[in-house]
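Data first, discussion second: the structure below is written as structure tokens.
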Amino acid sequence: MAATTTPDGRAGSPPQDRSARRPGERAAARPRGRRGGRAAAAGAVLWRFAVAAALLCGIGLLPWLTRTDPALTVLKARSADRDPTPEVLADIRAGLGLDDGPLRLLAHWLGGLPRGDAGRSWLSGQAVTPAVLQALGASLLLMAVALAVAAATAALVCAPVLRRGARGRPAGRTGGTPSAMLAALPEFLTASVLATVVGVQLGWLPALGWYGPRWTVLPALALGLPAGAVLGRLLGDLLPGAFAEPWARAAAARGVPGRRIARHAVHRCLPALLPNLGLFAVGLTGGAVAVEQIFDIPGLGRTTLQAALAQDLPVLQAGTLVLVLLGAAASLAARLAARPLTGPALRDGALPTLHPPRPPARRALPLLHGALLLAVVLAGLPRDPLALDTTARLRAPSPGHPFGTDALGRDLFARVAHGALHAVLLALAISAACLLAGVLLGLLPRLSGPLVDTVNAVPPVLAALLTTAVWGSGPATPALAVTAVAWAPLAAHTSALLRQERAAQHLAAPRGLGANRRHLLRRHLLPAVLPSVTRHALLRLPGVALALAALGFLGLGAQPPSPEWGLLLAENQPYAERAPWAVLAPAAVLALLGALAVTAAGGIGTSPRTGGGRLRTRFSRSPVPADAGDAADIVATADAADIVAVADTADIVAVADTEAARR
């Protein structure tokens, strides 16, 4: 190829059209054949159907997996005082058709679904479909209000980053201990405090029941505040990369208002956040069991839990089916909404990366939070968490009992410390396993997509019941149940980030040099995505502890006299008004764990590239050299044509064209 000379005297390549100088992008953007696309779509639908069918079959076999007599369970739920004589149990089996076996029962239930007939409840004898649809309506209304609260909370959490980015300053990361602690607050504890203080003591809003819009405020706040804090931190992790893109600098130079730049930055980050937003929506519907229990809301989560505990199979199967369908609808809506947000840039490989190299945050907050948590554990371990003193019941904090005592006179400082040691180690192990599973499955979106949608639709409580049925009850059952569902958000996040990172501009150079998929994954995609996913996993660490605590709060986790945090909150909840320290002490340590996890996530980042480029985390001892193609990647990201492709306003396009003409 003959060399030419640029107007400033430098050697350069002859002018080429856009398609000729980007062969790697053309290969990546080449559309797939109609037959192959239809086959892939049909395979995804069949795989999703198989996963949902396996879940429903497992639920249909739940009484037989637990090796219990369904007739005995139904008798206890209907009339606990009646003697379970063989004649009575035989009548119940005949009336419910239990003698036909689980497979025929399941087939009969599935056969009625096309007609809208989900059977009749084994307990009440009423039709299941109207009851489940009514519970779904209550849950959807609560979900909508909770999502509005979560959106407002996320906006407040991201406000400092948006303000700095709109003013042209380095955006930094979303920080602050208050948002970290808010993300770590147990939903059931927030619900209890709001119901007691706002509903009962102050009388501002109703605390129990479900009779109108005023009854949705307190439960929506309990659900939306922690969810909004998590969403805000996920969005704040992506915003600095959006504000660092060339279009943002060009818009600022053109004089575009800062609010408009901030709005486009949020628009730029939403496609990577939408999958997790869909997961949050489904989780707020089916996972709000404890909140619905506290506020006496006839929602779908509470209905499913009660049916699972009573082994009312028709109601349990119908509720689970509705949750699975809701999860599939939320996932489809997230994918459809992401397409117009990204436009043709995702197809053409013209997206700037949202993960530019940046140094880790150097703050003393993680060390401070870690030191406080370690001090609590070390000071409380020598104390006996099981020692009873009935003469010292519900005593206030004192030098002898820094956190006070519970209803049996046990030292809360000792119980919180022993529970913290167990909760932190178990949550770390579960988070590490979920991070590994989430990243590996996120690399295979066709395999993991239906699994994520189905698993996320299963509340942790139902997962705990299924795990108990398969593995039996024991101290490891809550950990297995939480692990079975906690990997789904990480897999969805990994898949969404990889989908956008594969369309990044800086991959054109290594593709043009002949890099294969393995090289791109190992040297470019994973180094860009792993820090964000790892920060997300650390952000989920308090959520894992919360899930374990929620199972303990509902009686499905550790049993007395264990000092597990969820059990502590459940035992002391009735005395929250008389002895608030009995509830606030474990909640404060749990919030401290959340603050430690979130602020420690800021220590994971990539350092600025120099020379050949280096990728480094704050906790690594030696930097990892990047490949020699990074220099070409940096040149490729400065292409004015790609800036025009990403820009979505006429002002930014005009600025980019003017700069190209001037140069």
Side-chain angles (χ1 to χ4, degrees), residues 176-178 180-186 188-197 200-201 363-428 541-542 545-546 548-549 552-553 557-600:
T177 302
M181 291 187 172
L182 183 61
L185 281 179
F188 53 85
L189 177 62
T190 308
S192 299
V193 172
L194 290 175
T196 303
V197 177
V200 177
Q201 294 182 352
R363 296 179 179 178
L365 284 179
L367 297 178
L368 177 61
H369 297 152
L372 290 176
L373 185 60
L374 184 62
V376 170
V377 173
L378 292 180
L381 283 181
R383 298 170 176 258
D384 186 2
L386 304 179
L388 299 177
D389 186 3
T390 55
T391 61
R393 298 177 62 253
L394 299 176
R395 286 191 177 180
S398 63
H401 302 286
F403 288 171
T405 60
D406 63 3
L408 297 178
R410 294 173 295 192
D411 185 21
L412 281 175
F413 190 61
R415 294 182 65 77
V416 168
H418 284 264
L421 183 63
H422 176 267
V424 171
L425 294 179
L426 187 58
L428 280 174
L541 176 63
L546 286 179
L548 294 172
F553 180 81
Q559 299 299 320
S562 172
E564 198 268 335
W565 281 351
L567 190 58
L568 289 181
L569 292 170
E571 291 175 344
N572 298 307
Q573 192 66 40
Y575 311 100
E577 187 175 355
R578 176 184 173 187
W581 56 85
V583 176
L584 293 179
V589 181
L590 184 58
L592 183 61
L593 173 62
L596 172 62
V598 174
T599 53

Requested in this report: Spell out, as yes or no, whether a donor-acceptor pair under 3.5 Å connects the side chain of Thr405 to the backbone of Leu394.
Outcome: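 Yes, Thr405 side chain to Leu394 backbone: donor-acceptor pair under 3.5 Å.
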
Query raised in the report: Do side-chain atoms of Arg410 reach the backbone of Leu386 as a donor and acceptor pair under 3.5 angstrom?
Result: no

Using 0.5 Å steps for rounding, measure from the [atom1] atom of [X] to the [atom2] atom of [Y].
X: His401; Y: Trp581; atom1: NE2; atom2: CH2; result: 12.5 Å
X: Leu596; Y: Leu592; atom1: CG; atom2: CG; result: 7.0 Å
X: Glu571; Y: Leu568; atom1: CD; atom2: CG; result: 6.0 Å
X: Leu412; Y: Arg383; atom1: CG; atom2: CZ; result: 11.0 Å
X: Asp406; Y: Asp389; atom1: CG; atom2: CG; result: 10.5 Å
X: Leu378; Y: Leu373; atom1: CG; atom2: CG; result: 9.5 Å

Looking at [X] and [Y], what are the two nearest heavy atoms and their distance?
X: Val377; Y: Ala420; result: CG2-CB, 3.9 Å
X: Pro382; Y: Ala379; result: CD-O, 3.6 Å
X: Ala417; Y: Gly380; result: CB-CA, 3.5 Å
X: Pro402; Y: Pro397; result: O-CB, 3.2 Å
X: Arg415; Y: Pro385; result: NH1-O, 2.9 Å

Requested in this report: Apply the test side chain to side chain contact (heavy atoms under 4.5 Å, CB included) to residues Asp411 and Asp384: give CA-CA distance (whole Å), side-chain angles for both, the deciding distance (0.1 Å), then the verdict.
Outcome: CA-CA 8 Å; Asp411 185 21; Asp384 186 2; over 6 Å; no

Query raised in the report: Residues in side-chain contact (heavy atoms from CB on, under 4.5 Å) with Leu584, at least two apart?
Result: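 Once residues adjacent in sequence are excluded, the partners of Leu584 under the side-chain contact (heavy atoms from CB on, under 4.5 Å) criterion are Pro580.
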
